[in-house]
Amino acid sequence: MTERKEYRFSEIEARWQKSWDEHGRFCVERHPDKPKCFVLVMFPYPSGRIHMGHVRNYTIGDVVARYKTMKGFNVLHPMGWDALGMPAETAAIERGIHPADWTWNNIATMKRQLRALGFSYDWRREVATCDPDYYRWEQKVFIEAFRKGIAYRKTSLVNWCREHGVLANEQAEGGICWRCSGPVVQKEMPAWYLKITDYADELLDGLKTLSQGWPDYVIRQQENWIGRSVGAQVRFPLEKGGEPLTIFTTRPDTLYGVTFMSIAPEHPRLAELTTPERRDEVARFVEKAARTGVRRVEQEGLAKEGVFLGSYAVNPLNGRKVPIFAANFVLMEYGTGAIMAVPAHDQRDFEFAKTCDLPIEVVINPPGQELDPASMTSAYVEEGVLVRSAAFSGMNNRSAIEAIVDHLEKEGIGSRTIHYRLRDWGISRQRYWGCPIPMIHCDQCGVVPVPDDQLPVKLPYEASFDGKGNPLDKLESFRRTTCPTCGGEARRETDTMDTFVESSWYQFRYASTDRANAMFHRSDVDYWCPVDQYIGGVEHAIMHLLYARFFTRVLRDLGYVGVDEPFTRLLTQGMVCMETYYHTEDVGDGTRVKRFHFPEDCIQEDGRWHLKDHADSPVTVGPVEKMSKSKKNVVDPERILADYGADTARLFIMSDSPPEAGLNWSEQGVKGAYRFLERIFAFAEDLAAWKATPPSAGQPSDDGLPLECRKLAHKTAKAFTADLERFSFNTAIARSRELGNFLFSKGAALAAAGQLDVVSEAFLTLVRLLHPFVPHLTSELWGLLGGTGEPSDHGWPTWDEALCVEDSLELPVTIGGRVRAKLPVPRGTAPAEVEKLALESPLVLKWTEGKTVLKVIVVPDKIINIVVK
RNA sequence: GCGAGGAUGGUGGAAUUGGUAGACACGCAAGGUUGAGGUCCUUGUGGCCAAUAUGCGGCUGUGGGGGUUCGAGUCCCCCUCCUCGCACCA
């Protein structure tokens, strides 16, 4: 046999990438006669270099895009950069690099890396959100939203460090500033908001239209996030008289069980409700609560605490006098900032009552039971029958909700109300590297938008980054301006926008290539949008997607787009994980800490792991965790490209797990993928050689092998396609391996038997099926085997349905729940006939001997189950 | 703490609607090739017990416990552990 050529992936990949680039192969235009398909992957934050999470996300997108192209769709597949955000500013503070330079450098590096992976992007449509030509349109939309009342200003609480100003939650973990370890307090500051709550009902209803294309769990989480709850506002008169205290409750059926009230520590009426003798203690509590913040009580599970204010409210239904508390878990933003507490039927109230020794009053009993407050260990929150509730006693609690609210409305004590857990979107950031909010503060004229002809408000390059407060705020040349209305001296707004704003509309920007003078063109958006398939990380399941859905509706209401929903179908991909390598070290005071190592610094010898250069430094192989720099369990995609090539990286990342699940990186798995490609390459070489010089015809093959080969190829095409349609990439690849394994072991025999056409057809089917996954190698082999152009010029493989069905089946027969026999029958045999054959079968007789056949269940063409006794 | 999801061999996973659990791959083992191997090929591989069993030897097995069903990895209830999100990270 002649010596085989080596699989030189780097040569092949570079050549095809160059060809695609030069021919503008992935540049697309509107095409009225072709069905369109917009495949969008979540654009990356340009943090420096791409990581495996990106490779996974973008490979999934590329496989979908290339598959849809082969299916005949006009596919839009763009890429861009979510380029504004905190890390650029952190780099400026810590390393003295300007955020703009840092970002643009990172973009250049990452773009080069993405190109090396062979993704089919139309790079003409690239966007970078830090480009003033991008964010100017956001400023324009903001001003229009402001004029419509969708954007507004109000005060809100922020994390505040005396030294470093406003901090993000992640910079204020544990109530401590990440830079100076100083205390972080909650401080009131004015901030800009977008009125997402006005769209709450629409965003909720819209989820119904998405149920076909979005994962259920994302829809459920969005529903819960919006948190629409129907309940009642109830006015509790105060014992001392005056304005009653209004609370919101979703459980008016428990009104007779109220034993105390709680209000948020920042409730405007706190001082008024506090008696003079309680003032000091309450002040201490409020101060402490401000230091902690409600968020940490909720998220970090801190103790729920409260303080008695000294005054009382009166239950409007039963006249009971109940104490009023301030509590650190009551949110001012939700409802009215005040709640009625029913410890018997609300778990949080129950815990609070137990710690503060407050009474518990049962007003709902489980059917046929009677609860005793003294022996309860948790609140009873299920349905039941009302007791001790005056005229409502004896009613089912569900109907009591309606009856009691009717009563409240009739008596003028309360009313039906709907509240949302969703709060308005606070978009102000006291940071430099964001889109400037285009507003001007004038002492005479108030808050005035920047006039259209002065847009964009560009970020000034000259700014100093010392980590202490907002650089824009300290830059006089930026701050000082004149009022567009009166011409007087005025101050520019120095807040920038939340970077979630840019990622709320980038999908529309991609639709147009000609956008020097427009955000995008309506005709382009009308053709390409909405996005047919959106693909990105699970971590964005709530916020990004909700904001983008909201912003799309804002753009719709401002006349920019004609769609309600931006993303028709959604695929959420899991994270890329890897085992950790570490050793533990004593830090002196007896506590041991983990010191992590990069996997490439560790080596296994004689079954033990140790550091490469120090055989006496043992290393523990830890659990598989999400790849992260801090744990050092990262693999640089570029190294994988150098060692194995883009096709191998793409194939492995798609073959080892379903896309929604986490993917465990495995170097061995990568090698397995590489081996498969090598074998494909080698087989193609063989096949080309056979074609050039047909092997001398041996014995004609009449053993059914050619038919088996054809059937397998057609069945594989069918199943592979079905798998792609449901994004089951890993099983699709498994099927392609089965076809490959068959050809590798039987191909030569078939060729020798004069069945070269059969082998060739099957192999070319394999090449075409794999093309979206391994585009470089398959394009190469397609040409080698005499195909014109590339596999994608020839559409998606089809199959002959007749070759996909088996006419004879082997039905499993289970007796007493165990498979005891296999019954050969033709497909479609009538159940009665199957039953007869089964009961006559010797093996079945062996197992039913001495027993009574009670029942025979025949599932046609599937299984036979015999129930015996 | 609240909301959402998950758990199947030594490992990643497969089983599309309740119908043969473990496809495909990794690893491992044996044999062959190479005779440098991080190469290649063949065979085997859930566990336990058997030892060629008159047609496929038996038992057991999908995080733990209970239930529904002729039949449960799949449906229901309880528990444990893991992951994601929680509004200024993106």
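Just so we're on the same page: letters track the sequence lines, and every chain starts at 1.
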Exercise. Would you call the rings of A:Y547 and A:W425 parallel, tilted or perpendicular if under 30° counts as parallel and over 60° as perpendicular?
Worked result: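 Parallel.
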Closest contact, heavy atoms only, A:E835 versus A:V858 =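 Smallest interatomic distance, heavy atoms only, reads CB-CG2, 4.1 Å.
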For [X], which contact category applies under a 4.0 Å heavy-atom criterion: base, sugar-phosphate, or nothing?
X      : answer
A:E738 : sugar-phosphate
A:N865 : base
A:H544 : nothing
A:W847 : sugar-phosphate
A:Y644 : base
A:V218 : nothing
A:R423 : base
A:V867 : sugar-phosphate
A:D723 : nothing
A:G426 : sugar-phosphate
A:I857 : base
A:R679 : sugar-phosphate
A:G537 : nothing

Between atom [atom1] in [X] and atom [atom2] in [N], what is the gap in whole Å?
X      : N     : atom1 : atom2 : answer
A:R348 : B:G3  : CZ    : P     : 10 Å
A:M543 : B:C88 : CE    : C1'   : 9 Å
A:Y334 : B:A87 : OH    : P     : 17 Å
A:R220 : B:G3  : CZ    : C1'   : 11 Å
A:I733 : B:G12 : CD1   : C1'   : 13 Å
A:E660 : B:U16 : CD    : C1'   : 13 Å
A:M575 : B:A90 : CE    : P     : 19 Å
A:L663 : B:A14 : CG    : P     : 12 Å

Atom [atom1], compared across [N] and [M]: separation rounded to whole Å:
N     : M     : atom1 : value
B:C75 : B:G38 : P     : 47 Å
B:U80 : B:G65 : P     : 15 Å
B:G13 : B:C84 : P     : 15 Å
B:U16 : B:C81 : P     : 31 Å
B:U62 : B:U74 : P     : 9 Å

Looking at [X] and [N], is any side-chain donor or acceptor paired with a base atom of the opposite kind under 3.5 Å?
X      : N     : result
A:K822 : B:U20 : yes
A:Q221 : B:G3  : yes
A:Q430 : B:C88 : yes

### Message
Is it the case that the ring center of A:F652 lies less than 6.0 angstrom away from the ring center of A:Y644?
### Response
no
Inset, instruction - Examine A:Y7 together with A:Y674 and report whether their ring centres are nearer than 6.0 Å. - result: yes
Taking syn as within 90° of 0 and anti otherwise, name the glycosidic form of B:G64.
->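 Here B:G64 takes the anti form, which means its glycosidic angle is more than 90° from 0.
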Applying the 3.5 Å cut-off to both distances, the Watson-Crick or G-U partner of B:G19 turns out to be B:C70
How about A:Y45 and A:T499: do any of their side-chain heavy atoms sit closer than 4.5 Å?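 Heavy-atom side-chain distance check fails, nothing below 4.5 Å.
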